[in-house]
Amino acid sequence: MTSNSTLHILNKAPEHPRYQACINALAPSDTLVLIENGVLSAAGNQLHAPCTLYALKADIDARALEAACENLNTIDYDELVQLTATHPKIISW
Amino acid sequence: MTSNSTLHILNKAPEHPRYQACINALAPSDTLVLIENGVLSAAGNQLHAPCTLYALKADIDARALEAACENLNTIDYDELVQLTATHPKIISW
Amino acid sequence: MSTLIVIDQAPYGFWTGREALDMAFSLAAFDQPAAMLFTGAGVNWLRKGQRPDGVGQKSAEKNLSAAPLFGIEALIADEHACQQYGLTESTMLPGVELVSNIRDVLGDHKHVVFAG
Amino acid sequence: MSTLIVIDQAPYGFWTGREALDMAFSLAAFDQPAAMLFTGAGVNWLRKGQRPDGVGQKSAEKNLSAAPLFGIEALIADEHACQQYGLTESTMLPGVELVSNIRDVLGDHKHVVFAG
Amino acid sequence: MPNSLTFTLVITGAPWTSQAPQTALMFATAALSAGHSIDRVFLYGDGVHLASSLSTPPSDEAHWPQQWSVFLKKHDIPATACIASALRRGLIDKTEQARYELPAENLLAPFEIAGLGEWVEGSQAADRTIYFHGN
Amino acid sequence: MPNSLTFTLVITGAPWTSQAPQTALMFATAALSAGHSIDRVFLYGDGVHLASSLSTPPSDEAHWPQQWSVFLKKHDIPATACIASALRRGLIDKTEQARYELPAENLLAPFEIAGLGEWVEGSQAADRTIYFHGN
């Protein structure tokens, strides 16, 4: 259980204003999961997250970002559920 | 008739990615009309348009931006129609 | 612990803010503590003197001014966003708390909710 | 003179791009000259090897690859946006023209249209 | 004063999501006042929701589908919702109800459902095509 | 392994506009597989369009309202569309059809229409409330 950390679920492309708002809100003990258009931030080295980071594999595959994401921890929907189970506090951006 | 210039109609707040794309596309001979959330760029001196500029009064009033817009040319819907009539080329952003 | 409803989109152009406000009112109506955070273009909800007759909508300012009556615990605004949009004490609704560190505000609430 | 259909939103997360593509195909079907411009997050339409089975959608790449067959005159991409999203010649669909000055592209077309 | 022109209006933003239908109506009213004509209105993408016969806002709020319906009828302006956008989003006329054996239809008169060809024709024939997008 | 938890899912993004309904369904399926339970699904804002009985995508495309309907029935999960969001957007059940004398109803079973109280109750009662927004 990592009960002191917040799980952030981010589905916005980096040019969306809520993307940067989420990044600014991250604490080092938090966990960030990129889903949907959120995975696009892994393209072109735009991503600078100061905490534990995951990205959803189905969304990476859809957008052909396997190469850009090779240094990220990729997860499937089962692992996303597990992260929500171990984090009592979750923010969907 | 100002047939060489493009009329740009911009309804996005300044933090929307299409806002800056529109501003970047403006030529000095163009005309920009701010409508809807576009008028928010007049607040806080965020607006830097290199061309003729108008803002729609109904949208300024709704958002209480009369003071911020006092140096802008404000127009009503009739004048907006007139601008579309005098500009053969129009881009709605 | 309270629920924080976040509005980060401007009024009139978007409908999401009104639906966020309804969420806050609904929590209060069921005696659940609720606060609201205005950030990004959402701070434009807080400007005094809105006159939306010409755009055929009801006043967002008027809707929001009912928040204390409904029992919303706090209206919190992102200081930086207020500066960006030229909002000062004199142009803003009364009773809004300005904060510079959003991360702390998010940390203070058990639930943090966007309406869309 | 041609109509330029602009896509500035990413595929899969938004539906607008597909409806933009339908507009371009429709123009071509009625023998009206049409070109497409990809800019902002819209350049992500152009990445090779999209496999959207896991998100329950049809391939945007596959849809787009029909453009020359349908008679779309040009696929144009904003060079700067391609750089931002790490798109290179080797990761991009073939036949895309890179441009650095969007203003010129907009100026070259009689109609410039976003789908939403 | 410019000559009388014909306008095609395209609305892509939904009511109760964006301001597009309202701005478009104010624009359309002003265009007619100035002596121009509107040869057609085309709803595309989320804009098709403007043509719902079931929209029921609170009675003290503007009712954009109804306002548009009254305006279109009064001035005899044809208005079309794109069939591909409409079917996906559950906007259905009698013909499509029969074709797909659906339980109801919900298209507000005088809106009709047709293909993108209407848009192509409109934007070729009209002097001006103006788009009203969501925010 | 964590204990079995209850989830409330809130969907605010519309199908054929956003990816939210699809991501939510994948999440919901995975949650049940892991032994968790979903105590309710709440549609809010544009998310109410997921509950349309008239959505008719091309036959070679995913049909998200139908997929959700099958999933909810199979697992006996209650699902509610917010009444205020739904009425404005033309999403109507039999009760509202009668109350407002509307020409049809278009609510897909097993979705129901109810107030935000459902959301308040869900987010208080469930161990986790997860939101699926548009992009």
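Order of the sequence lines sets the chain letters (A, B, ...), proteins ahead of strands, with each chain counted from 1. Just so you know, these numbers come straight off a predicted model, no measurement behind them.
B:His87 and B:Ser5 form a side-chain donor-acceptor contact under 3.5 Å, judged by distance and modelled atom types alone.
A salt bridge is defined here as a Lys NZ or Arg NE, NH1 or NH2 lying under 4.0 Å from an Asp or Glu carboxylate O, and C:Arg18 with C:Asp22 fails to meet this definition. Salt bridge absent: B:Glu36 and B:Lys12 never bring a charged side-chain N and a carboxylate O closer than 4.0 Å.
Taking non-hydrogen atoms and a 4.5 Å limit, the residue list of residues 13-26 of chain B in contact with chain C, ordered by number, reads B:Ala13, B:Pro14, B:Glu15. For residues 63-75 of chain C, heavy-atom neighbours of chain B at less than 4.5 Å comprise no residues at all.
Across C:Ala35 and C:His109, no two heavy atoms sit closer than the pair CB-NE2, 3.7 Å.
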- Task: Output, in order, the C-alpha distance, side-chain angles, deciding distance and verdict of side-chain contact (heavy atoms from CB on, under 4.5 Å) for C:Arg103 and C:Asn101.
- Result: CA-CA 5 Å; C:Arg103 198 188 299 168; C:Asn101 190 329; 3.2 Å; yes
- Task: Determine, step by step, whether B:Thr31 and B:Tyr54 satisfy the side-chain contact (heavy atoms from CB on, under 4.5 Å) criterion, reporting the C-alpha distance in whole Å, the side-chain angles of both residues, the deciding distance to 0.1 Å, and the verdict.
- Result: CA-CA 8 Å; B:Thr31 297; B:Tyr54 300 95; 3.5 Å; yes
- Message: Go through it in stages, so that I can follow the logic: the residues are C:Gln9 and C:Thr16, the test is side chain to side chain donor-acceptor pair (under 3.5 Å), and I'd like the CA-CA distance, side-chain angles, deciding distance and then a yes or no.
- Response: CA-CA 7 Å; C:Gln9 291 182 323; C:Thr16 342; 2.5 Å; yes
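Of the listed residues C:Leu87, C:Asp53, C:Asn44, the one with more heavy-atom pairs under 4.5 angstrom with chain B than any other is C:Asn44. The choice from B:Leu56, B:Ile35, B:Asn37 that makes the most heavy-atom pairs within less than 4.5 Å of chain C is B:Asn37. With chain C as partner, the option from B:Ala58, B:Gly38, B:Ala67 having the largest number of non-hydrogen pairs under 4.5 angstrom is B:Ala58.
You'll find the side chain of B:Thr6 reaches within 4.5 Å of the side chain of B:Ile91, heavy atoms only.
Take C:Phe114 and apply the ring pair (Phe, Tyr, Trp, His ring centres under 6.0 Å) test, not counting sequence neighbours, and it matches A:Trp93. Applying the side-chain contact (heavy atoms from CB on, under 4.5 Å) test to B:Ala43 and every residue at least two apart in sequence or in another chain returns B:Leu65, C:Arg47, C:Tyr85.
Each of B:Ile60, B:Leu34, B:Asp59 was checked for a side chain to side chain contact (heavy atoms under 4.5 Å, CB included) with B:Thr74, and the lone residue meeting it is B:Ile60.
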